[in-house]
Amino acid sequence: MNTMGAAGVWEEATAKITGFMLTCIMFNQIFPDFLRRYLETLKDKFVLYFFPNVEITFHEYSGSKHKISEAYSLIETYLSSKSPTHSNRIVGELVKKRESVVLTMDASEEIADVFDGVVVKWFLRVELPSSTTISWGPSVAEKKSYVLSFRCKDRKVVTRSYLDYVMGEGREIAVRNRQQRIYTNNPSDNWWEYKKNLWSHAVFKHPTTFKSLALDPKLKEEIIDDLATFSTGKEYYEKAGKAWKRGYLLYGPPGTGKSTMIAAMANYLNYDIYDLELTAVGDNTELRKLASVIPSKSIVVIEDIDCSLDLSGKRGKKKESEIRGGDPIIRKLKEGEGRESKVTLSGLLNFMDGLWSACAGERIIVVTTNHVEKLDPALIRRGRMDKHIELSYCGYEAFKVLAKNFLDIDSHDLFGTIRELLEQRNMSPADVAESLMHKTLSRDVETCLKNLIQALKNAKEVETLEGEEKGCEKEDGTIKDKEKGCEKEHGSSEGEDGSSEDEEGCESEDGSSEDEEGCEKGDGTSEGEEGSKKEEC
Ligand SMILES: Nc1ncnc2c1ncn2[C@@H]1O[C@H](COP(=O)(O)OP(=O)(O)OP(=O)(O)O)[C@@H](O)[C@H]1O
Ligand SMILES: [Mg+2]
């Protein structure tokens with residue numbers, strides 16, 4: 001009975017479906033277009049009644065798994081301006097300039113927004129890794145996405161106007177609240193670990209500006225002008241068919257302000273700094289990956305490029321004897337540098353040119369070196385390094401800037417003497433700055449100036465010693481005693497009363513005392529022209 005009944009129901013259902021399909025075919029053939037459209041609208045209303053909301057999802061990472069999606073960041077920034085008044089869980093973050101806390105939604109919280117009378121809701125979805133297997137490595141990063149939901153009937157307004165509005169506002173707020181950042185590349189072994197980021201960053205707060213930079217005023221003016229022309233030159237570069245990028249080569253002896261100038265440039269342009277540590281880059285492919293995620297309005301910095309890699313093709317391996325000798329800490333550091341990098345000169349040239357040509361937006365690359373003559377001409381040719389800037393020893397004009405910075409004075413009776421001494425010898429701005437710094441709470445300006453005079457006189461004396469066949473050699477501001485290995489930097493001898501801080505004897509570069517090597521000083525004091533510092537190596 002039961003079996004018969006089931007068969008009957010089945011037959012009945014089949015007949016009904018067939019009937020329905022035939023009706024649909026007849027409907028399409030018989031009913032006129034306008035009636036069909038009307039019925040379709042009715043169907044839409046029916047769907048809308050039961051499923052009224054549309055959802056659009058913006059994932060944190062889309063496309064490149066190493067780069068946060070621009071839309072996601074802009075939405076995040078936009079939503080930071082919307083106070084999540086009804087949320088119980090809110091995230092706070094300090095932003096620049098306003099120095100105030102901005103509140104944003106936490107995971108799984110909702111923010112409502114109104115645009116042109118249309119109400120929408122934003123929701124932060126965080127998906128934890130679904131894997132239940134036990135892993136000994138670090139956990140896989142969670143996946144975040146912003147979900148925008150709105151009524152189906154508002155689809156046009158949302159997709160055509162609201163989203164554009166959100167992106168535009170996000171951009172503006174980002175510019176207003178931007179915290180300048182300094183990035184450095186993570187070693188590639190850890191790329192999977194650092195939440196997929198190739199670069200890690202810190203907030204960049206460097207007080208240097210062009211005003212406080214001790215530099216010849218003409219050169220300073222020229223550099224500022226160059227940067228301003230570049231940053232406002234979008235149309236010019238487009239018209240000229242040239243990628244909007246500019247390369248600066250900063251070269252000169254240690255302590256002449258190369259790194260300081262980079263900070264001044266970044267502050268002037270309000271750009272982020274991407275400090276590329278070449279020794280941490282495995283090969284050219286990694287270098288390209290790093291380059292591909294650098295956004296516009298960035299300064300890419302390669303410091304001391306001649307020390308990072310041997311770009312002539314040979315790897316920069318330290319001499320065995322260099323590693324064996326010296327301070328144990330320095331030795332450890334030097335050993336650590338041994339990580340083999342396969343970045344080649346051509347890889348680096350591509351990083352500079354290939355990338356820049358391919359990406360839109362302004363970027364600056366700054367390369368610094370103490371030894372410009374060691375660099376391959378291809379690396380520093382115009383077009384790659386468009387502007388070569390030599391930063392040299394402290395001149396009188398640069399000294400005046402330092403005197404203003406450190407002592408807050410524009411003139412002094414001792415300025416004349418200092419001017420003469422500066423003309424006679426080479427002292428880096430770093431050494432001048434050190435001599436000018438207050439060393440006591442009394443903040444006595446005259447003592448500081450006398451310190452500098454003494455340091456300059458001492459430095460001059462050393463040059464005289466060189467002439468007196470003491471066996472010392474001048475090398476980029478460094479005096480070396482070839483026979484005894486006694487090394488001393490120009491201008492490093494200074495103290496409150498002009499006495500040398502180096503009372504025990506000469507110090508080697510790594511800070512180890514070399515008294516035992518036979519380096520001996522009379523009384524350890526610097527006595528200026530008359531009582532000359534007695535130094536016997
Ligand atoms: N031109 C300058 N103007 C102001 N301060 C300077 C200048 N040059 C050097 N200094 C001071 O000296 C210190 C060292 O300078 P900086 O690190 O910029 O030198 P550098 O040329 O990068 O040296 P290195 O070649 O060793 O990297 C800075 O902290 C800064 O205070
Ligand atoms: Mg430097």
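Both counts, for ligands and for their atoms, begin at 1 and track the order of listing.
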So which protein heavy atom does atom 13 (C) of ligand 1 come closest to, and at what separation? A430 CB, 4.0 Å
Counting both backbone and side chain atoms, is some N or O of E303 under 3.5 Å from an N or O of ligand 1? no
Give the atoms of ligand 1, by number and element, whose distance to some non-hydrogen atom of N370 is under 4.0 Å. 25 (O)
Given E362 and S231, is the side chain to side chain donor-acceptor pair (under 3.5 Å) satisfied, shown in steps? CA-CA 7 Å; E362 69 255 55; S231 64; over 6 Å; no
Would you call K218 and E222 a salt bridge, using N to O less than 4.0 angstrom? no
Could you tell me whether the side chain of I305 reaches within less than 4.5 Å of the side chain of L379, counting heavy atoms only? yes
Hey, can you tell me if F230 and W244 have their rings parallel, tilted or perpendicular (30° and 60° cut-offs)? tilted
Under 3.5 Å, N or O to N or O, is P429 touching ligand 1 that way? no
What atoms of ligand 1 come within less than 4.0 Å of a heavy atom belonging to P254? 23 (O), 24 (P), 25 (O), 26 (O)
Please check if a non-hydrogen protein atom sits closer than 4.0 Å to atom 29 (O) of ligand 1. no
Indicate yes or no for a side-chain donor-acceptor contact from R363 to the backbone of I294 under 3.5 Å, with no hydrogens or angles considered. yes
Look at the aromatic rings of H201 and Y183 and report parallel, tilted or perpendicular, splitting at 30° and 60°. tilted
Less than 4.5 Å apart, side chain to side chain, heavy atoms only: is that true for L227 and I224? no
N/O of A433 under 3.5 Å from N/O of ligand 1, yes or no? no
When every non-hydrogen atom of K211 is compared with those of K220, the smallest separation belongs to O-NZ, 3.6 Å
For atom 27 (O) of ligand 1, find the nearest protein heavy atom and state the residue, atom name and distance (0.1 Å precision). S259 OG, 4.0 Å
So do the side chains of I302 and L348 get within less than 4.5 Å of each other, counting heavy atoms only? yes
Judged by non-hydrogen atoms, does L215 sit under 4.0 Å from ligand 1? no
Can you find an N/O atom of G255 closer than 3.5 Å to an N/O atom of ligand 1? yes
One finds that the ligand 1 atoms under 4.0 Å from a non-hydrogen atom of T260 are 15 (O), 16 (P), 18 (O), 28 (C), 30 (C)
S259 backbone or side-chain N/O/S under 2.8 Å from the Mg ion (ligand 2): yes
What protein heavy atom sits nearest atom 3 (N) of ligand 1, and how far away is it? A214 N, 2.8 Å
Any donor and acceptor pair, going by atom type alone, linking the side chain of N370 with main-chain N or O of G252 inside 3.5 Å? yes
Among protein heavy atoms, which lies nearest atom 21 (O) of ligand 1, and at what distance? K258 NZ, 2.7 Å
Of all the heavy atoms in L402, does at least one lie under 4.0 Å from an atom in ligand 1? yes
